[in-house]
Amino acid sequence: MTTTITQFENALLAQAEIMGLPSSGVLVEVHQRVQVLSNMDGAMAGLPREKRATSMYLSKFMLAVSAGLFDAALNYLWDETIGELRKRIIDYDLDYFFDNAVSADKRKELKGPDDLLKVTDDELVRAAQKVGFISPLGQQQLDLVRHMRNHASAAHPNQHELQPYSLLGYMETCIKEVITLPQSPTMVQTGRLLANVKTAIVTKEEAAGFATLFAGLRRDQSETLANGLFGIYVSLDSAPVIRDNVRLLLPHLWPNLSEDMKFAFGTRFARFKASLDIAQADLAKEFLQSVDGSSYLPEDVRAAEIDVLLDRLHGAHLGMNNFYNEPPIAKELATYIGSLPVPPGVRAKYASGLVDSFLARSSGIAFAADGLYEQMLLSMTPAEANLALLYATGADASSKYLGEIPRKQLDRLIAILTPKLVSRPAQDLMAHVNAFTGPRQSMAIDSKMAHLRNKLAVTL
């Protein structure tokens, strides 16, 4: 194998020199390619033969490795992983995924399978974990692969070198955590429920039978399902019988939802109303009324405005020119927050969105916005600080800590939040954060951290 690859390489590099192109440092050393190729079958051990036959990007991965282009190989591996994830989503329930993946405004643009391309890889991975296509540990591992794909692959200009066994590890992660991961029993039952809601007439007895499923769900799983049922209910394409089914199921699920989630449905009513989507606003109100939830409707549109601003801030933070685009939105958000308590419907989203922006990006800090973020963090109530701490120690924030700047920002955040933590569960969690000696990006998968986070979460 080594001789064949060397001959092929010499011919390619000679041609590059004839054309006046660089030939030094372009390709990975031959022995490193042989290490990957010799161990590739082992890394794919869990991938069935029939699945291999359709894995086109894994073939391109192998050929890129053979050619000495590890950066291109990683890009092909990511394409295979994302492509498989999209297939699974389409086969499961596309509308349910869209309802949980993107902001309310962006959701309006998403209709069919082709629109999955409008969902960013970050949104795709986060929502896949929320719905259950991947585990929390799988999300963190895929975040690492995505981080390396963005910083060490052919997807973007870079000077990083990928090592053979790291590349093999990324392949094994993608195969294990996405390509061959079976659906959990909860996903199977949820899929059956969604199919019944959309295609059958659900009786009172059948609806009551799903109470066992709901009782076994974690709070985040309950809220993901409730969000999907809300999306079904307010869709203008849903037939009256489908909404009848949702109304029968909802009372059994409603007690498992947090107050923030219940208020969030009221906030979405206000957003529909503010954007003159009157028919959907009426359906959102009807959804709440079906569980005697009219008290969760906001008195004004302040919560809706904050919700919109948080979506805009998130988009600006992830987008190009974020140093320029973030400050005006941060200033407007600070104006809406003022000295009043954050409305319950957006409190959790506000805490996570503010922390996410304050932690900055590996490429740097939006200095014109940084002071505004600090001001809003300093104005947080103890309840909001608890939510901020939960986000900062959770899976969605963990990939940020791969960068030095976000790790330094986390230290600032800890100093700001510590005086605000008045409950014992919050103090215990912060004490463990301060005592944690592992990499910051590993906090979310630390068993004691998870236990303390759960103890704090149930108090909110």
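All values below come from the heavy atoms of this structure, side chains included, with hydrogens, waters and symmetry mates left out.
Using the six-membered ring where Trp is involved, Phe230 and Phe265 have ring planes that are parallel, under 30° apart on the 30 and 60° scheme. Taking the six-membered ring where tryptophan is involved, the planes of His432 and Phe436 are perpendicular, since the angle between them exceeds 60° and thus also 30°.
Using a distance-only test at 3.5 Å, with no hydrogens or angles considered, no donor-acceptor pair links the side chain of Asp91 to the main chain of Arg88. Without hydrogens or angle criteria, Asn100 side chain to Tyr96 main chain gives a donor-acceptor distance under 3.5 Å. Side chain of Tyr92 to backbone of Phe133: no donor-acceptor contact under 3.5 angstrom is found. In this structure, the side chain of Thr190 does not engage the main chain of Met187 through any donor-acceptor pair within 3.5 Å. Using modelled atom types, no side-chain atom of Asn325 and backbone atom of Ala316 make a donor-acceptor pair closer than 3.5 Å. No donor-acceptor distance shorter than 3.5 angstrom exists from the side chain of Ser235 to the backbone of Gly231, with no hydrogens or angles considered. With hydrogens and angles disregarded, no donor-acceptor distance shorter than 3.5 Å links the side chain of Asn227 to the backbone of Glu223. Remark: side-chain polar atoms of Gln427 are paired, donor with acceptor, to backbone N or O of Leu421 under 3.5 angstrom. Here the side chain of Arg407 pairs a donor or acceptor atom with the backbone of Leu402 at under 3.5 angstrom.
Checked options Arg347, Lys349, Arg312; the residue passing with Asp307 is Lys349 (criterion: salt bridge (charged side-chain N to carboxylate O under 4.0 Å, His left out)).
Smallest separation of non-hydrogen atoms from Glu177 and Ser135: OE1-OG, 3.7 Å. The heavy-atom pair separating Arg361 from Gly319 by the smallest distance is NH1-O, 3.0 Å. Closest approach of Ala334 and Leu372 over heavy atoms only: CB-CD2, 4.4 Å. What you find for Val125 and Trp78 is that their closest heavy atoms are CG2-CH2, 4.2 Å.
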Q: Report the C-alpha distance between Leu193 and Val202 in whole Å, list the side-chain angles of each, state the deciding distance to 0.1 Å, and finish with yes or no for side chain to side chain contact (heavy atoms under 4.5 Å, CB included).
A: CA-CA 10 Å; Leu193 181 148; Val202 178; over 6 Å; no
Q: Decide yes or no on side chain to side chain contact (heavy atoms under 4.5 Å, CB included) for Glu286 and Asp282, but give the supporting numbers first.
A: CA-CA 6 Å; Glu286 192 175 277; Asp282 290 343; over 6 Å; no
**Q.** Worked check of side chain to side chain contact (heavy atoms under 4.5 Å, CB included) between Ser423 and Leu456
**A.** CA-CA 9 Å; Ser423 70; Leu456 177 57; 4.3 Å; yes
Q) Run the side chain to side chain contact (heavy atoms under 4.5 Å, CB included) check on Glu123 and Lys106 step by step: do they pass? A) CA-CA 12 Å; Glu123 291 170 330; Lys106 189 172 182 178; 2.8 Å; yes
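Side-chain contact check for Pro251 versus Val291: some heavy-atom pair is nearer than 4.5 Å. Residues Phe210 and Leu253 are not in side-chain contact: their nearest non-hydrogen atoms beyond the backbone lie 4.5 Å or more apart. Using a 4.5 Å heavy-atom cutoff, the side chains of Arg271 and Asp311 are in contact. Annotation: side chain of Arg247 is in contact with side chain of Tyr233 (closest heavy-atom distance under 4.5 Å). Counting heavy atoms from C-beta outward, Val131 and Ile89 have side chains that stay 4.5 Å or more apart. Within the 4.5 Å cutoff, the side chain of Lys400 has heavy atoms near those of the Asp356 side chain. For the pair Asp396/Gln139, a side-chain contact is recorded, criterion being any heavy-atom separation below 4.5 Å from C-beta on. Under the 4.5 Å side-chain criterion, counting only non-hydrogen atoms from C-beta, Phe272 is not in contact with Leu283.
The CD atom of Glu326 lies 5.5 Å from the CG atom of Leu313; values are rounded to the nearest 0.5 Å. For the atom pair OG of Ser357 and CD1 of Ile365, the computed distance is 12.5 Å after rounding to the nearest 0.5 Å. A distance of 14.5 Å separates SG in Cys174 from OH in Tyr57, rounded to the nearest 0.5 Å. From Ser275, atom OG reaches atom CG of Asp105 across 7.0 Å, with rounding to the nearest 0.5 Å. Expressed to the nearest 0.5 Å, how far OG1 of Thr335 lies from CD1 of Ile306 amounts to 11.0 Å. Atom CG of Asn39 sits about 5.0 Å away from atom OH of Tyr165, to the nearest 0.5 Å.
In summary, the side chains of Arg219 and Asn256 do not present any donor paired with an acceptor at a separation below 3.5 Å, with no hydrogens or angles considered. In summary, the side chains of Asp260 and Ser258 do not present any donor paired with an acceptor at a separation below 3.5 Å, with no hydrogens or angles considered. For the residue pair Gln409 and Arg412, a side-chain donor N or O sits within less than 3.5 Å of a side-chain acceptor on the partner.
For Arg424 and Asp428, the salt-bridge test passes: some basic side-chain N is under 4.0 Å from an acidic carboxylate O. Under the 4.0 Å criterion applied to side-chain N and carboxylate O atoms, Glu259 and Lys262 are assigned as salt-bridge partners. Contact check on Arg107 versus Asp99 returns a salt bridge, with a Lys/Arg side-chain nitrogen under 4.0 Å from an Asp/Glu carboxylate oxygen. Contact check on Arg86 versus Asp114 returns no salt bridge, with no Lys/Arg side-chain nitrogen under 4.0 Å from an Asp/Glu carboxylate oxygen.
No more than 12 heavy atoms of other residues, nucleotides or ligands sit less than 6.0 Å from atom NZ of Lys331.
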